[in-house]
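Inspection log for the structure reproduced underneath, given as structure tokens.
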Amino acid sequence: MTILFQQLSNALALGGVYALVALGLTLVYGVMRVPNFAHGGLYMLGAYFTYAVLNGLGVPYVVALLIAAVAVALLAALLERLVFYPLRNAPHVHAMIAAIGVLFFFEAVVQRIWGADFKQIAEPIPGILNVGGVVITWQRLLVILASVLAMLGLNFFLKRTLTGATIEAMSQSREGARLVGIDVNRVGMLTFAISGALAAVAAALIAPIVSVAPSMGEVMNLKVFAIIILGGMGSVPGAIVGAFLLAFAEVFGGFYINLDFADVIGFAALVLVLAIRPQGLFRRGT
Amino acid sequence: MLEVQRLSVNYGPFRALHDVDLTVQEGEIVVLLGANGAGKSTLFRTLSGLQRPSAGTATWRGVPLTGGRPEFNVARGVALCPEGRLLFPDLSVEKNLRLGAFVHRRDAAGTERELGRVYDLFPDLVGKRHAPAGSLSGGQQQMVAIARSLMARPQLLLLDEPSLGLAPLVVEQVFAAISRVNASGVSVLLAEQNAFAALGIAHRGYVLEGGRVSLQGSQEALLGDDRVRSAYLGV
Amino acid sequence: MTRPAFKPGPLVWVALFVLAALLPLLQPGGFVLDVAINVMIWSMLAYGLNVMLGYTGQLPLAHAGFFGIGAYAVGILTLREGWNFWLAWPAAVALCALGGLLLGLVAFRTRGDAFSIFTLGVGVIIALVINKWDDLTGGNDGLNGVPPASSLLGIDFSKSANFYYVALAALALTVLVVARTRQSVFGRSLVAIRGGEDLARSAGIDVFSHKLRALMLSTAIAGLAGGVYAAYVGFLGSAVTGPTTTFTVLLYLLVGGVGTLAGPLLGTGLIYVALQFMKGLQDYQYIVFGPLLVLLVLFAPQGLAGLWNRAQMRRASARTERAVDHA
Amino acid sequence: MPESILEVEGLGIRFGGLHAVRDVTAQLPAGKITAIIGPNGAGKSTFFNLISGFYAPTSGRIRFQGEDITRLKTHQVVGRGIARTFQTTTIYRELSVLEGVMIGHRVRTRAGLWDALLRTGRERREEAESREAALRALERVGLAAQAHRPAGALTQEGQKRVGIAMALASDPRLLLLDEPAAGMNPEETVNLMGLIRELVGGGLTVALVEHKMSLVMGLADEILVLHHGQKIAQGTPGEVSRDPAVIEAYLGGHAHGGQMGQPGREGAHA
């Protein structure tokens with residue numbers, strides 16, 4: 001029972017992190033129709049920025065998280081301007097390849113600055129919470145709560161604010177958005193910035209649990225792409241459901257079948273779903 | 001007024017518009033007739049800023065519309081209700097309409113007022129205000145599209161084939177609505193295949209053929225001209 | 001009539017390979033030969049990728065995985081099962097073709113971005129399975145001591161200078177296969193698919209079956225390259241089967257020119273050799289590579305061979321215009 | 001009624017809530033030119049897409065030369081002898097005219113990957129056949145002299161002809177032309193009409209979607225009128241242009257009894 005609950009809390013925390021990263025990716029895909037392979041790089045940078053700010057400025061964890069989020073958001077917006085905007089009319093393969101280049105660049109730069117070995121971020125609230133024999137680490141609880149909060153915030157922004165509506169509008173009809181007077185370039189940059197901030201928040205949340213390494217972006221990249229294909233590219237609910245599905249498949253598959261193959265199980269689930277439903281779970285057939 | 005002078009548009013090697021001259025005076029309804037492929041939609045896309053011309057000018061009240069920035073044109077009071085509607089299908093009708101007022105986002109009261117006016121104009125939409133726009137019937141979607149362009153409070157409304165695919169009764173409703181909008185002081189440029197319905201409410205008209213203006217004149221003159229008929233039916 | 005594309009004629013290719021065959025006589029071992037063999041291996045992989053991206057218009061991202069399957073198949077069969085390299089190698093190629101078939105059956109239910117990402121996922125699965133399946137692949141420790149290619153006709157291929165000819169022959173075969181494919185009824189149908197699937201369909205082309213066969217050819221070539229790699233390097237680690245390898249080869253292909261016959265060799269040669277001169281940079285090569293990829297797609301997406309083509313075409317059209325003026 | 005080459009029966013397709021084509025029953029007479037007309041959005045292109053196997057109908061049947069082809073895939077439909085062109089000039093611009101048109105003959109060849117790699121007799125034979133078929137098709141559309149130019153360098157009309165040649169290279173019995181005259185000037189349109197007549201003279205059946213009424217009225221033996229996805233009339237140009245339902249569909253409800261009702265104005269081409 002305790003073990004089951006622990007696995008459950010692991011899966012929820014992991015799912016929350018996956019969801020935040022995948023949401024940014026799916027928003028960018030919806031608005032720009034670009035599969036942003038550099039997204040994992042932004043996530044990785046978020047972790048390193050948090051690490052650097054914590055160590056360099058000695059500020060509290062939450063402040064470091066916010067600084068990292070803002071920094072990565074700005075960087076993502078810049079990326080949109082410099083790379084994706086000029087490629088908006090080129091074949092998709094081009095944008096995809098450019099994004100891969102950016103990802104490699106980020107990784108190499110981080111490796112240059114911080115080295116290839118793992119970095120540790122201390123848990124802001126160490127220890128565990130014990131409620132009637134049910135045990136959960138504070139950090140996992142924090143991850144779950146914070147990611148749910150971030151998702152609710154995003155939902156509020158998209159559904160209840162006019163600026164948020166412009167993002168949804170643009171993903172449904174780019175020309176329609178232009179015709180009502182929406183500056184699609186600004187929305188594009190904004191969407192990139194949001195995706196960067198979400199990725200950085202996710203990275204800062206999970207960093208105390210996992211170690212920080214340059215390659216963490218590549219791994220995450222593959223997973224969130226799996227998630228948004230699983231959920232249907234561009235679909236917001238699809239990204240969330242896909243994220244938790246993958247997290248549960250990994251955690252419980254790893255626990256009950258073979259820990260070594262946890263990652264394989266996740267991707268195998270993806271292959272299976274796509275073999276049956278090529279357009280993903282949450283996208284209407286094309 | 002809208003003043004279009006020697007406007008030409010190329011798509012690659014293909015010239016879709018050829019030296020088009022056209023005006024719309026303040027308060028007028030001008031109809032643009034022509035078969036499919038005659039260049040009507042290209043003209044509208046150019047006037048809205050979606051498409052850049054290769055030559056010529058188009059100005060509204062002296063301000064050029066050809067900078068390739070639709071948001072600028074909307075803010076200057078020129079709104080397009082496009083062919084194919086280009087609604088936001090998964091958003092509710094009301095959200096579509098509110099986004100239509102995006103250029104007036106600092107004037108919340110004005111937007112509420114305008115919302116009331118378009119619901120008056122298209123009462124059918126009131127019951128559907130919370131439904132996704134994509135779930136509506138073709139006629140209702142067309143009403144949403146027109147209403148959305150009105151939310152920008154245009155002084156010049158560009159309507160590209162508003163009767164497309166609509167049942168005759170709905171077409172009459174739509175045309176009555178256009179007349180009312182015009183009566184409130186909005187100038188209208190209207191493209192139509194439905195020549196007689198359009199000429200019924202227009203002051204003047206142009207016939208576009210092969211990207212050129214082949215004929216122009218008053219409502220009466222065009223109604224009586226065989227060439228209008230032949231442009232459509234070839235009889 | 002000028003040729004519209006950068007196509008060194010068959011004679012140029014033959015001359016090139018004859019020249020290349022002379023290399024071991026001048027440099028019987030060492031650095032230069034090593035670089036040459038590596039360039040041949042990686043350019044073969046780039047040719048495999050080019051069959052899909054260049055001729056069929058779809059970008060699969062599992063190619064390092066198939067390279068790995070080919071390499072590990074040769075490694076396991078020769079090291080563990082005691083097979084002769086000359087049997088293991090074709091078996092590895094056949095295995096990769098079969099893998100391509102299986103992948104295509106599922107992956108071609110998607111197209112465009114989704115196809116790329118889907119195949120990327122498959123590539124990751126392949127790399128992970130190779131990494132985790134300790135009993136078969138040696139897992140993290142890798143597969144050590146893969147024997148060199150066995151002697152054939154009395155030639156000892158454990159010598160680099162001799163093995164060089166194996167790699168050269170494999171590359172020549174690859175170029176021949178790719179060239180023949182492109183210049184065939186079948187290959188023209190692939191180009192038709194690249195130009196637009198709907199148009200190809202309406203021209204009566206069975207798009208699915210053509211894409212499937214192209215992918216099988218493409219993964220078979222990846223396996224061919226992997227086999228050479230296994231016998232040459234003698235050690236196999238799972239890292240080389242991961243997406244980074246795919247992306248690196250994609251960079252070679254882009255630099256050389258997607259969809260051209262000379263591009264894969266040109267790009268691989270150039271970048272690989274340039275890297276050897278920047279040994280100190282090796283760890284940080286992607287600080288240069290990353291922006292280079294971006295700049296390439298921004299400013300010269302057609303690559304070196306592509307740039308050459310464009311210049312040729314411009315010259316040709318200038319010539320015809322002049323001719324018209326004079327007429 | 002002449003013998004028909006293609007019959008559709010109760011043909012319909014829905015996209016979500018939209019009934020793009022509804023319960024259309026019609027025949028295309030063999031060896032004739034049938035024009036499919038109707039106001040914008042009437043379902044004409046969808047009708048073509050159904051016949052050519054791009055869309056699977058949600059109801060009804062299609063029979064071609066007596067065979068049920070309703071469920072066939074596009075390449076199988078082309079193999080049976082139905083070729084089509086597209087609304088916009090969709091051709092392979094970067095290929096030479098000849099190579100692009102040779103693609104159209106693919107459906108008559110069987111050479112596969114092994115033939116390509118081994119340069120088999122079949123490969124060489126079919127390559128030669130494709131070339132001949134393409135050259136024949138280019139000859140028919142009057143582009144033989146342009147065979148080696150890049151297709152993208154041709155004029156709009158030239159590119160349309162390449163598209164038609166590509167369709168002809170598949171050796172069709174029925175040719176579907178989707179707005180062949182779109183973007184052409186009057187002179188080019190007249191040339192195109194001549195070409196279509198020649199093709200039909202050679203035994204081909206042609207069906208075309210077109211908005212240029214001068215072309216339709218001057219060319220078609222038979223006209224099929226669609227409106228809101230339904231067939232509202234079929235007959236000779238004379239019959240159709242006097243049909244009140246057609247006039248109403250095109251010119252709107254106010255046309256009755258007005259200027260439009262007057263007879264005896266045929267032939268007043270624009």
Side-chain angles (χ1 to χ4, degrees), chain A residues 29 33-35 37-38 41 79 82-83 86-87 90-109 111-112 116 215 218-219 221-223 225-226 228-230 232-233 258-268 270-272 274-280 283, chain C residues 53 57-59 61 102-103 105-134 139-140 239 242-244 246-248 250-251 253-254 258 281 283-299 301:
Chain A
Y29 187 84
R33 301 284 143 190
V34 166
F37 273 100
L79 203 61
L82 291 182
V83 179
L87 284 172
H92 275 200
V93 171
H94 289 183
M96 221 148 76
I97 292 165
I100 291 166
V102 172
L103 174 68
F104 282 4
F105 176 69
F106 284 165
E107 251 177 53
V109 168
Q111 200 162 331
R112 176 86 241 210
S215 62
E218 254 178 81
V219 180
N221 226 7
L222 298 168
K223 292 190 175 169
F225 268 109
I228 71 163
I229 303 187
L230 198 66
M233 293 176 75
N258 185 339
L259 195 57
D260 276 350
F261 282 81
D263 288 340
V264 183
I265 292 164
F267 284 107
L270 166 75
V271 172
L272 213 69
L274 280 195
I276 301 161
R277 238 184 109 76
Q279 73 274 33
R283 229 176 136 83
Chain C
L53 180 60
Q58 301 280 326
L59 173 60
L61 293 173
L102 294 178
L103 173 64
L105 284 175
V106 182
F108 285 130
R109 291 169 61 96
T110 63
R111 56 166 140 166
D113 303 335
F115 172 79
S116 297
I117 300 166
F118 181 83
T119 50
L120 179 65
V122 172
V124 176
I125 294 181
I126 295 173
L128 281 171
V129 168
I130 289 176
N131 182 257
K132 305 286 184 195
W133 199 345
D134 289 347
N140 256 336
T244 311
T246 305
F247 293 141
T248 308
L250 182 62
L251 172 72
L253 178 58
L254 272 168
V258 176
L281 201 71
D283 282 348
Y284 308 110
Q285 50 178 277
Y286 285 108
I287 292 186
V288 180
F289 271 19
L292 185 62
L293 262 178
V294 176
L295 292 175
L296 264 171
V297 292
L298 278 175
F299 300 111

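Values below: every heavy atom of this structure, side chains too, minus hydrogens, waters and symmetry copies. Order of the sequence lines sets the chain letters (A, B, ...), proteins ahead of strands, with each chain counted from 1.
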Taking all non-hydrogen atoms of both residues, which atom of [X] and which atom of [Y] are closest, and how far apart?
{"X": "C/Gly242", "Y": "C/Ala127", "result": "CA-CB, 3.9 Å"}
{"X": "A/Leu87", "Y": "C/Val297", "result": "CD2-O, 3.8 Å"}
{"X": "C/Leu59", "Y": "C/Thr119", "result": "O-OG1, 4.0 Å"}
{"X": "A/Pro35", "Y": "A/Ala99", "result": "O-CB, 4.4 Å"}

Chain A contacts, top residue of [options] (heavy-atom pairs, under 4.5 Å):
{"options": "C/Val124, C/Leu292, C/Leu295, C/Leu296", "answer": "C/Val124"}
{"options": "C/Val122, C/Leu251, C/Thr110, C/Leu298", "answer": "C/Leu298"}
{"options": "C/Ile125, C/Asp113, C/Val294, C/Leu128", "answer": "C/Asp113"}

Taking side chain as everything from C-beta outward and backbone as N, CA, C, O, which of these in [X] sits under 4.5 Å from a heavy atom of chain A? Side chain, backbone, both or neither.
{"X": "C/Ile117", "answer": "both"}
{"X": "C/Leu103", "answer": "neither"}
{"X": "C/Leu254", "answer": "side chain"}
{"X": "C/Val258", "answer": "neither"}

Whether the side chain of C/Gln58 engages the backbone of C/Leu53 through a donor-acceptor N/O pair (distance < 3.5 Å, no angle test) should be reported.
no
Heavy-atom check, side chain of C/Val106 versus side chain of C/Phe118, under 4.5 Å
yes
For [X], is it the side chain, the backbone, both or neither that has a heavy atom under 4.5 Å from a heavy atom of chain C?
{"X": "A/Glu107", "value": "neither"}
{"X": "A/Leu103", "value": "neither"}
{"X": "A/Ile229", "value": "side chain"}

In this structure, which one of A/Tyr29, A/Phe225, A/Phe104 forms a ring-ring contact (aromatic ring centres under 6.0 Å, His included) with A/Phe37?
A/Phe225
